[in-house]
Each structure stands twice: as structure tokens, then as C-alpha cells.
Amino acid sequence: MVAGCSTLADAGGGDANAPNALAGPFREVRREELGQGRTAPYALRDEDGGVRDVSVLDDDGDPATLGVIALAARRGASAGSTPDASLPTNELVRFSARDGRSFELVPTVVLAAQAAGEGGVVGAPSALRLADGVWLYYAAADGIRLAHATDGLTFERDSTNPVLATATGGWDEGHTPSSPSIVRLPDGSWRMFYEALGAVGEARSQDGRQWTRGVEAVLRPPDGAAGLVAPCAVLSRSALGRERLWLYHSLESADGRRTIEVAAREGFDGPFIGGTATVFGFGSELAPTEPNVVRFADFSLLFVTQRAGKSAAQAYPGVAVGVAPAALGLPAPNP
Amino acid sequence: MTAHSALGVALGFFAASAVSAEARAALPESYGLGSRAASMAGAVGADAKDFSAVAYNPAGLVEARGLSISVGYTANFHALRSSGGDADVDDVRGMVAGVVAPGKVMGVPFAFGVAVHLPDSGLSFLKARKQDAPRFELYDTRQQLLFLAATLALRPLPWLEVGGGMGYLSATRGRFSIRGSANLASPFDSALEHEVDADLTSVRYPILGVRAWRKRWGAVGVAYRGSSQLELELDARLAGTVALGALAIPLVYELEARTFSAFTPAQLTSSFSFQRIANLNVNLDLSWVQWSAYESPAARINAKLAVEVPPGAPVSLPASALPATPTAPHFRDRIVPRVGVEWRLPIGARIEVPLRCGYAYEASPVPDQRGATTFLDADRHSFALGAGLALSELGAVLPGTLRFDVHAALGVLPTRRILKQNPADFVGDASAGGHIVGLGANAELAF
């Protein structure tokens, strides 16, 4: 006689608290992880009027809490017309979310393209929370500009604008920088990473206003790629206390596909070394770009601008959300 | 037991095991087998004479004076930490049991022994992870297997004992096939057939030992255990048609996966048991453990997708997956010293109280994890204590000896720092360490 039985094994232990740099790869958030009636993985989409290029900021600077504010660009609607998402963005809007990703449905316009030199364009915001309020860098027609708001809502343009104008020499001579990402180092100095000529440049500052460009691009596309754009710099400290400067970016292939990649630097100087895998968008046809990463205590969220869907009718942009570690389930959305 | 009956038991067992594909085994080397051996930190290669000799040096079985049956329980609690957090590595708990049956064949003393460790969690538990997933490779699911071994021993000369036998593992080969038609628009109209074909095949590894006695001094021994690992094979084939509206798209998808798991390294142990002083055994074992033969547990995957997409069909294929080739782990061989002391305290003519202690140092075989893999491990210092009670000649019903043994062990893994070479490593810097607490008890009835 032969007899047998079987049971389903449990998953077993050994995977709890596994070391993870919280830097990726990211998976798309799931339907049950996104509140406010949003359609996963999109934290912002058509109902938000073509919002794109988000910069997400921890609202209290405490990574243990999930509250964030997001500053995003969009094409504002003219009176009596619907916004045209194919045109350059001309206003920056502010959303907030208590859970880090489920943004409120009605944003507040915080900055419109009105100043001379902006050329009717404001976009690609990069915001920092400092002791005196929020510093907001953004791209305009004449370069990278800066505005401040002590309350995070009422932004005043800096008198030194543009803080990084069209290059008059160096590797990006004659080109206007765009898509800025700014971090402030522990020693109080500043770094800006920006896009020019399909590569990423770096500038340094002691006060956030006066910037000095590097003599060379710090990150260039590999052979066969069309461009390496939209940098997003993130500071972190490893489990053993080593400082890291992560630089997320969008890599454009020759056939028009885009993926989100990352490189990192040991400390704050020296060369960037590429990650071992794509962090988001591998095999995707939605062409993700403009990555923005916000780190919490146990996970990181990645926000990217990508097509709202594969169909021709969904060619407008949306902001999708990813989470790392990919194996982690996010806490329930709020609300 | 008579010589014929002992031999019959032995031959019967070997005959059964030779055709048993389901036998599975993994040596609980990390925690000791039986409380006597565990309380001396495993330093019993020249001094094991109960069922634990099956694992440590089968030549020692021939020391048994009569049939003995042992049964016990051991529990080992992991408190292993990675980067400051509890890694939640499963505890290893289970029953241990063994039988030793001595006898004589043509005047030559011999003995047969069998030993088993049956984990509470089941007969076998394996877990496959991605290559870059951090793991305590030496303590995680590798230990969640049934240990089973059987050996024979002979004493051809009064001062010489030799023994040998086999340990057992089972390997799995599987084939999974799907064919038919899948309708994406109307899944209920799909017509798919599947076929699963799985085989369990046994893997055997040798256990050999020799021991020589010198009167009044003690014994020296050498024992060898072959390496073993489970090879899991999975072949999958999906062949059929995917219906998308009016389109019928034929496709063939083939997947081959090969995984090694539950590796136990080959080990050569030289042992010395100093027994010059009455009632005192001082044991020293030195083991060479061939961890350099360790193969990556990551799956070797080869996948092929062949699809004929009609021109103009709104279907895009994913990028082809490259064959996954695991990174060689480059583990290092290690020399493990073990020291054990047993002092037997006689209380009258029929009662004996043995007290034991032991220490072992196991240098981590895992090299610095600066690259793609993150095998978490650290050197291990094992401290063990134990005691027993032996009651002899309790009467006509029990003319032999009844023994009880208990042990407690503490394994300390000092924190090891893992510094990644690539600052963009997704695992990042980490630390590994912690401790392991082992408890156990054994009862042996020797006739």
C-alpha cells in the first residue's frame, strides 16, 4: 500500500529586517495601497490637469512620520479652455498627503510663470525644507530659479534669479540648464545636479544662491543610449554610518524607451558608480522620467512622470508611485 | 542481542534504505547530536560510543556493550541579527533518536547504529531566494531537514576500530508542462491542459571513521564525512495559442531552473581523547571543513520565449531575459577546534553523575560580502555545559544501564561588518551577529 499526504509549507523565517539600502528597485504601488480614490500606481493623473515633475518633501523632516507635501508642475488652463499637457508647464502647484502618497484632490497654485526671464515657463521643481521655510528651485526659460516660502505656500522669488543661467563656458557652454535637483550637505554646503546636453552636471554653492559649475558632466549616457536626464539627488547614511549621495535619473534608449536608473557616490565627492539593476520601468512602455525619491524610516517612495497609459488617448502625463523594498507592503492609505 | 539478530537488523536496514527514494538527511552539525556530544561542543570524535558515533565517528559504535536505544529532544533558538534587527531565522527543534546494536561475527566485535534527527517543522524545508537577497546561509533553512544516517563498525584488532556507513538526502527533479489555448478576452473559454512529473531521487554521502586505542592513555581517531547537497531541477514548458480578440498568437515558453540547496561540506576530523586519569575524559577534535566546495544557492535559470506576433498586432514583447548565472560564493575552508571535558562522579556502585563542558570555535567560511551577494555570517564561539545520571543494574527487569543527559549551549556570533564596494548597492552596508541558545535532553536505555 502506498500512502501519502502533503501540506502547504509556511514561508519560513529569515527574511525579517533584511539589510536594505531603501534605494530600489521599486515596485508600483498596489490598488489597496493608494487612497483618495486614486488609480494605482498613479498618485496624480488626468483629474489633476496634467500634473507632472513632482518634488515630494517630508512635511516635518521626521522620516518616522509619513506626511508629505508635493510641489508639481502643470500647464494651467486658460479661461474657458482645458489645459494642453503637451505645452510647457507654466505653474507650480502644491498637494499634501498624510500617508506619503495619497494626495488630496484639489491642489493650491503656489507659483505661476509671470516673472521676466521665465519665458512663460516654470517646471521641474526641486524643494528643500530648511529652518527658514521651503526653498524651491525650478526650471525656467533662462535657467534655474529660486523662490522661498516661510509657510510653504506663499513663494517669493529670490533676487538673484536665475541662480544658474545659460552656461558661458565649460562642457555645457551655450546650453540652459534644466530639471534641477538640490541637496544640502551636512557641512552646510549645497549641491545642484541639473540636466544639459543629455547629461547631468553638478554645481556647488555655499549659500544656495551663488553656484559654481563643475568642469565636466558627472554622469553621461552609456554607449548606445540617447540621453541621461532628469537627475534626482538623495542623501542617505548606510547602516554602518557611511554617507551616500544617490543620483536617480532617467535613461533614454535610442528607440525611445526610458527607464529609471541610479548611481551613487561614496561620500559627497568623487565619481558616481552605477547601480546593478534598473530601479523602475524595466520593460515599460510608459517612458518614466523625472524621478523623485523620498525616504522614510522603513521604505522609500519613488515618484515618476510617465504616460498615463498605453493607449493613444492616454498620452498625457501622470505621476506614478513605486515603493522599495519591493517585497514590503505599505501601511494602509490615509485616507 | 545475538550476532545473527543484530546482523539481520543491519542488513535489513541497508536493504530498505537502498531502495528508499524518500529518505532525506542533513547533519545537525551546528548543534550537536545527542546531549552528551552537544555538552562537549561536539568534541567526541575519539570518545563517542552511543548513537551519536554514527555522526561523529562510526568506529566508536563498537564500544557498545549491549543493545541501546536513545531518544531525546533538542531545541536551538536563533537570535541572529542583521543591521541591528532580529532576522527571525527559524529555530531548529526536534526529536533525536538512535539505536546501537552490537554483536560478534566470527569472533570479530561489530556494531550497527542508526541515528535520526526529526525536525518539528517537518521532514524537509527549503527556501529559494534571489541571489542578492541577504540571508544567514549557514543557519537558515539549511538546518530544516531530517537527519538520517546508518553505519557499521568493526574491531578487527583489540586496539583498532573501524566504521562506515551512509547518510541520505533526496533530490527532486520536476517537469511542468502546459499546452492548449488561452483566451485573454474570455478566460473561461481557455482550454489548457497541464502535466506535472516529479521524481525524488536519493543522494548518499559516506561517513567513515577509524579509532586506535593506547592503553591507559586514551584513543585517537580520524573521521570523514562526504559532502552532500540537494539539487532541485525544474523544467517548465508552455506551448499553445493565446487568443486576443480575433488574433490567435502561437507561443512557446520554456524554462529550466537548477538550484542547489542544503549543502553540507565534506569534513575530515582528527580526534584525541585523553583518558589517563580515572573518570576523566579530555577530548580535542580538529576538523577541516571544505566549505570551498559550496555552490551558490541561486537558481540557474534559462528561459526561452518564442512568439509569432502577427504584423500590426497590438502586442509588445518584454525584453528577453538573459540566462541567470549565479555568482560564485568563494566560501573558504575552515579548521574547527573543539575541546570537551567529561568528569564522571561515581555515587556508590550503581550510580554515576557525569559533568561535561565544551568549547568550539568556528571561523566563518563566508568571505567579505562586498559584491552582489550578502551571505550574513560571523565567527561563532560555542560554549556548552551538560550533566547526566547513569543508573546501572537496576534489577532483573533492567539489567543494563539507564542514562539521562541534559545540555545547554550558547553560541556567540560577534557582530561582523559588511561594507559594500559599490555605493549604489541596493542592499548596502550591513552588520551580522547574534547568538544561539541550545537546550536538550536525552534518555538512553542500554541492555
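Every chain is numbered from 1, with letters handed out A, B, ... down the list of sequences. Remember, it's a predicted structure, so these values are computed and weren't measured experimentally.
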Heavy atoms of B:Asp377 and B:Ala432 approach each other most closely as N-CB, 4.0 Å

More than 12 heavy atoms of other residues, nucleotides or ligands under 6.0 Å from CZ of A:Arg31: yes or no? no

Would A:Phe296 and A:Phe299 count as a close aromatic pair, with their ring centres under 6.0 Å? yes

Quick check on A:Asp269: does its CG atom have over 12 non-hydrogen neighbours (other residues, nucleotides or ligands) under 6.0 Å away? yes

What residue, out of A:Ala277, A:Ala21, A:Pro325, has the most heavy-atom pairs lying under 4.5 Å from chain B? A:Ala21

Please confirm whether B:Phe136 and B:Phe375 have ring centers closer than 6.0 angstrom. no

Give, as side chain, backbone, both or neither, the part of B:Ile418 having an atom under 4.5 angstrom from any heavy atom of chain A. backbone

Part of A:Arg244 within contact of chain B (heavy atom distance under 4.5 Å): side chain

Under 4.5 Å from a heavy atom of chain A, the part of B:Asp132 involved: neither

Quick check for you: among A:Gly24, A:Ala23, A:Ser238, which has the greatest number of heavy-atom pairs under 4.5 Å with chain B? A:Gly24

